[in-house]
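Notes to accompany the following structure.
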Amino acid sequence: MSIEVIRGDITKQTVDAIVNAANETLLGGGGVDGAIHRAAGPELLAHCRKMGGCATGHACITPGFQLSADYIIHTVGPVWRGGEANESSQLASCYRESLTLAKQHHCKIVAFPAISCGVFGYPLDTAASVSIAAVIAYQRTHTTPQHVRWVMLDQEVFDIWEATIGIMGKL
Ligand code: AR6
């Protein structure tokens, strides 16, 4: 059971599943969602069209299509509205639901982006605490997935995650 954070492009990860920071339509968008759709190819959009969307805080799974990852887990993070609109429980739920789907599909290694930390505007330090706490809590009671890797495009996001893992990983 382990967690880590690296810098990189999540679409290039050779892992069992990568997680997409999607929106409720599941029909693609900007940020990491756009990058994943470009890398996975048009079959992903065709597949997502049949899925009927996904509510905030929930997750669903598709094949990885042209990615080297076997699966893409699509989760919809909360839009930041100031912190009083249930954002932290919705963000924690994204991680729990994504890890539950990964377990159901026997994924050993899962890569996450910083869900809600781009277009959706979640403050990075709070997002790091909520995200890391959710994964640590999950790992206390489950043995699969064995490894969770955050893959950060931005140095600033990487630095905050690394520092927060350093503190929370020892608690
Ligand atoms: N690899 C890893 N991280 C990435 C990559 C990549 N290739 N590309 C961007 N990031 P965002 P959100 C980082 O905006 O805030 C979309 O339009 C990025 O730097 O992708 O959950 C969806 O369709 C940031 O740190 O996701 C939704 O409408 C992090 O990924 C909406 O944006 C998340 O930023 C979701 O917004």
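Both ligands and their constituent atoms are indexed starting at 1 by order of listing.
Distance check: R81 CZ to E87 CD gives 7.5 Å after rounding to the nearest 0.5 Å. Note that CD1 of I10 is 9.0 Å distant from CE of M152, once rounded to the nearest 0.5 Å.
When the shell of 6.0 Å around CD of Q104 is examined, it contains more than 12 heavy atoms from other residues, nucleotides or ligands.
Near D33, meaning under 4.0 Å from one of its heavy atoms, ligand 1 places the atoms 22 (C), 23 (O). The atoms of ligand 1 that sit less than 4.0 Å from any heavy atom of A21 are 21 (O), 22 (C), 26 (O), 35 (C). Of all atoms in ligand 1, numbered sequentially from 1 with element shown, those under 4.0 Å from a heavy atom of A114 are 29 (C), 33 (C). Residue contact check: A35 has heavy atoms under 4.0 Å from atoms 7 (N) of ligand 1. Every atom of ligand 1 is numbered from 1 in the order shown, and the set under 4.0 Å from a heavy atom of C117 is 15 (O). Those atoms of ligand 1 that come under 4.0 Å of a heavy atom in G31, given as number and element, are 8 (N), 9 (C), 20 (O). Contact atoms of ligand 1 toward G29: 17 (O), 23 (O) (distance under 4.0 Å to a heavy atom of the residue).
From the protein, the heavy atom lying nearest to atom 18 (C) of ligand 1 is D154 OD2, 4.1 Å. In terms of protein heavy-atom proximity, atom 14 (O) of ligand 1 is nearest to V119 N, 2.8 Å. Closest to atom 7 (N) of ligand 1, if we only count protein heavy atoms, is D9 OD1, 2.9 Å. Counting protein heavy atoms only, atom 15 (O) of ligand 1 is closest to G118 N, 2.8 Å. Atom 2 (C) of ligand 1 has V151 O, 3.4 Å as its closest protein atom, hydrogens excluded (heavy atom only).
With T62 as the partner, the side-chain contact (heavy atoms from CB on, under 4.5 Å) test is satisfied by one option alone out of K50, E43, H74: H74.
Looking at D33, its side chain never comes within 3.5 Å of a backbone N or O of A22 through a donor-acceptor pair. Listed for the D16 side chain is a donor-acceptor partner under 3.5 Å among the backbone atoms of I109. Distance alone, capped at 3.5 Å, is enough to place a donor-acceptor pair between the T141 side chain and the Y138 backbone. Remark: side-chain polar atoms of S116 are paired, donor with acceptor, to backbone N or O of P78 under 3.5 angstrom. Judged by distance alone, with hydrogens and angles left aside, the side-chain atoms of S93 form no donor-acceptor pair with the main-chain N or O of S89 at under 3.5 Å.
The N/O atoms of G30, backbone and side chain alike, include one that comes under 3.5 Å of an N/O atom in ligand 1. Polar contact check, I10 against ligand 1: a nitrogen or oxygen pair lies under 3.5 Å apart. Considering both main-chain and side-chain atoms, T11 never comes within under 3.5 Å of ligand 1 through any nitrogen or oxygen pair.
Which of F158, F120, W150, Y122 comes nearest to atom 35 (C) of ligand 1 through a heavy atom is settled by distance: it is F120. Counting only non-hydrogen atoms, the option in V32, T25, I18 that gets closest to atom 30 (O) of ligand 1 is V32.
For the pair S116 and ligand 1, a heavy-atom separation below 4.0 Å is found.
For residues 34-65, every residue pair satisfying the ring pair (Phe, Tyr, Trp, His ring centres under 6.0 Å) rule, not counting sequence neighbours, is listed here: H47-F65.
Taking T56 as the reference, E24 meet the side-chain hydrogen bond (donor to acceptor under 3.5 Å, both in side chains) condition, with sequence neighbours excluded.
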